[in-house]
Amino acid sequence: MQDTLVLDALTANQVRASANQSNGRRQASPWHFLAGVGLLVLLAWLIGRWEGFEPGSELGYNLGLAGGIMLLLLFLYPLRKHFRFMHGLGPAKYWFALHMAMGIFGPLFILAHSRFQVGSVNAAVALSSMCLVAGSGIIGRFIYTKIHHGLYGRRSSLDDVRARSGLSSREVQSKLAFAPKVEEALSRFEAMALQAHANPLAGAWAFAVLWLRARLVYGYCARELRRLYKAHARERDWDRDKFQRRLKAANRLVHTYLHRIREVAHFSTYERLFSLWHVLHVPLVYMMILSAIAHVVAVHMY
């Protein structure tokens, strides 16, 4: 077994950077975003339960009007993208931030306006269309972040994802040269994860279970590393703290590498999903517009 092990190759700064990066990913988790949206929906429901107004009252009408104006503001972002004369009106990321905010608060105001009830078929169609568009937007937001540099960053490419990994196959192999079984398991996982699938169903299945396969590979590698480090600790008379530090560094290296392989493998799939999402999202938006116009006309005519 080589004298220089993983902790000597992976500096303490790299370990801390990897930990901070993992913490950053956890902070940016979509579950936090969904929890925030859920709390806002709960707030809209509580407002709707308040007996101080009806949808047709002044307050109810103004809530619906405010929500409708916010939904109209949604279209500023696509207009900013497609009309050249608007390109000089500030960075696109701020327009996208406005698009995201209006896509959340607009439906919330309308839900409060409706008090989560519908009094006609027209209102039911309009509310259902809006909820479908809002739900589609939340799904699109999740996919969007998978193929862009952050929420407001530029679109990534597969080469960008590979470059951001910071760990090449050769680098990992050099650091884990003392553990050939771990190297072999990681190489097999990489080949399997990056394999192209001609059959869409096979590709979808591979996408769905890749996280489970990664966990199984990590479990195997962690057991093998523990066995090797225990043997080396006995030979070198390491204390428990030194053993735990070096084992933790090795496990972190394996975990980071598996995560990066999954990120690269998922990128192409997320690109296809985003294209498909866009095809489905646009018709839903048109359906929402038409049903909303019909609802407003019906309310003011009758």
Between the side chain of [X] and the main-chain N/O of [Y], is any donor-acceptor distance below 3.5 Å?
{"X": "Ser114", "Y": "Leu111", "result": "yes"}
{"X": "Trp238", "Y": "His232", "result": "no"}
{"X": "Arg80", "Y": "His87", "result": "yes"}
{"X": "His113", "Y": "Leu63", "result": "no"}
{"X": "Ser136", "Y": "Leu132", "result": "no"}

Residues clustered with Leu290, ILVMFWY side-chain links under 4.5 angstrom:
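Members other than Leu290 - counting any ILVMFWY side chain reachable under 4.5 Å - there are none.
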May I have the step-by-step check of side chain to side chain contact (heavy atoms under 4.5 Å, CB included) for Tyr257 and Arg252, ending in yes or no?
CA-CA 8 Å; Tyr257 186 65; Arg252 187 180 297 282; over 6 Å; no
Atom pair CE/CE of Met288 and Met130 - distance to nearest 0.5 Å:
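Separation between the atoms: 8.5 Å.
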Return the CH2 to NE2 distance between Trp211 and His259, rounded to the nearest 0.5 Å.
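So the CH2 of Trp211 and the NE2 of His259 are separated by 15.5 Å.
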Is the closest side-chain heavy-atom distance between [X] and [Y] below 4.5 Å?
{"X": "Trp45", "Y": "Leu108", "value": "no"}
{"X": "Arg226", "Y": "Leu247", "value": "yes"}
{"X": "Tyr218", "Y": "Cys221", "value": "no"}

Do Arg260 and Glu263 sit within salt-bridge range, that is, some charged N less than 4.0 Å from a carboxylate O?
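Here Arg260 pairs with Glu263 in a salt bridge, since their nearest N and O are under 4.0 Å apart.
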Taking side-chain contact (heavy atoms from CB on, under 4.5 Å) as the definition, give me every residue that meets it alongside Tyr77, ordered by chain and number, with sequence neighbours left out.
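Result, side-chain contact (heavy atoms from CB on, under 4.5 Å) vs Tyr77: Lys81, Trp95, Phe96, His99.
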Do you reckon Phe75 sits in the same ILVMFWY cluster as Leu73, going by side-chain contacts under 4.5 Å, direct or chained?
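Yes, Phe75 and Leu73 fall within the same hydrophobic cluster.
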Should the heavy atoms of other residues, nucleotides or ligands under 6.0 Å from CZ of Phe116 be counted, would the total exceed 12?
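Yes, the 6.0 Å shell around CZ holds more than 12 heavy atoms from other groups.
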Other residues, nucleotides, ligands: >12 heavy atoms within 6.0 Å of Tyr220 OH
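More than 12 heavy atoms, drawn from other residues, nucleotides or ligands, come within 6.0 Å of this atom.
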